[in-house]
Amino acid sequence: MKRFVEEHFFLDPTMLFDYVEHMFGKTLKEKRMETGLSLREFAGRVGISPGYLSDLENEKVAPPSEKLIMDMAGILGIEKDELLKAAEKVDPEVAEYVAHEPRAADFLRMAKEKNFDNGDWEKLSEIARVVGLGKPGEEKK
C-alpha cells in the first residue's frame with residue numbers, strides 16, 4: 001500500500017502515516033469512551049497531554065511505545081494485547097522471550113518465509129496443546 005501511494009500520489013514517504021488506515025486511535029478512543037473517561041481525565045491518568053491523546057485518537061501520530069500502550073490498557077481495564085495488536089506492536093515480554101530463545105526466533109523467521117496464515121497458527125497451537133508442549137502442570141490456553 002505504501003509503495004502504491006508513493007508511486008501514484010507522489011507523496012513524501014514520511015507523511016504516509018496520515019494516509020494509511022490504522023486501528024490504534026480508533027480502538028483507544030472507543031475503549032476510553034466505554035469507560036466514561038473524558039479525554040482530559042484519561043490523558044492526566046496516563047501522564048500525557050490532552051493534545052497528544054487527541055492526536056493519537058485521531059491517527060495524526062504513530063502509536064506510542066509499548067510501555068505507554070500497556071499503561072493505557074491498565075487504566076482502561078482491558079487486556080494489553082488488544083491495544084498492542086491495534087498498534088501493531090509486540091508485547092515486550094514476548095520480544096524478550098524471543099530475544100533469549102534463538103530457536104523461537106529461527107522458527108518465526110521460517111514461519112515468515114513460508115508465509116504462515118491464521119489457519120497455520122491455529123493448527124500449531126492445537127498441536128502444542130495436544131502433545132503437551134511447555135512445562136508440565138501449567139494450564140495450557
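- Here the closest heavy-atom approach between residue Ala87 and residue Pro63 is recorded as CB-CB, 3.6 Å.
- Leu124 and Val131 end up in different hydrophobic clusters when Ile, Leu, Val, Met, Phe, Trp and Tyr side chains are linked at under 4.5 Å.
- Other residues, nucleotides and ligands place more than 12 heavy atoms under 6.0 Å from the NZ atom of Lys89.
- The 12-atom threshold is not exceeded at CD of Glu96, counting heavy atoms of other residues, nucleotides or ligands nearer than 6.0 Å.
- Note on Glu41 versus Arg45: salt bridge recorded, some NZ/NE/NH1/NH2 to OD/OE distance being below 4.0 Å.
- Residue Asn118 qualifies as open at atom CG: its count of foreign heavy atoms under 6.0 Å is 12 or below.
- Classification of Lys26 and Glu57 as a salt-bridged pair fails, no side-chain N sitting under 4.0 Å from a carboxylate O.
- Linking Ile, Leu, Val, Met, Phe, Trp and Tyr whenever their side-chain heavy atoms come within less than 4.5 Å puts Val98 and Trp121 in one cluster.
- Under the 4.5 Å side-chain contact rule for hydrophobic residues, Met72 and Tyr52 share a cluster.
- Here Arg103 does not pair with Asp106 in a salt bridge; the nearest charged N to carboxylate O distance is not below 4.0 Å.
- Summarising the geometry of Ile69 relative to Pro64, their closest heavy-atom pair is CD1-O, 3.4 Å, with the distance given to 0.1 Å.
- Under the rule for a side-chain hydrogen bond (donor to acceptor under 3.5 Å, both in side chains), the partners of Asn58 that lie at least two apart in sequence or sit in another chain are Ser54.
- The local environment of CZ in Phe107 is crowded, with over 12 non-hydrogen atoms from other residues, nucleotides or ligands closer than 6.0 Å.
- A salt bridge links Glu34 with Lys31: the closest approach of a Lys/Arg side-chain nitrogen to an acidic carboxylate oxygen falls below 4.0 angstrom.
- Between Glu66 and Lys80, no side-chain nitrogen of the basic residue sits less than 4.0 Å from a carboxylate oxygen of the acidic one, so the salt-bridge criterion is not met.
- Nearest heavy-atom pair across Arg32 and Thr35 is O-OG1, 2.6 Å.
- More than 12 heavy atoms of other residues, nucleotides or ligands lie within 6.0 Å of CD in Glu101, so this atom counts as buried by the packing criterion.
- No single ILVMFWY cluster, assembled from side-chain heavy atoms under 4.5 Å apart, contains both Leu68 and Val94.
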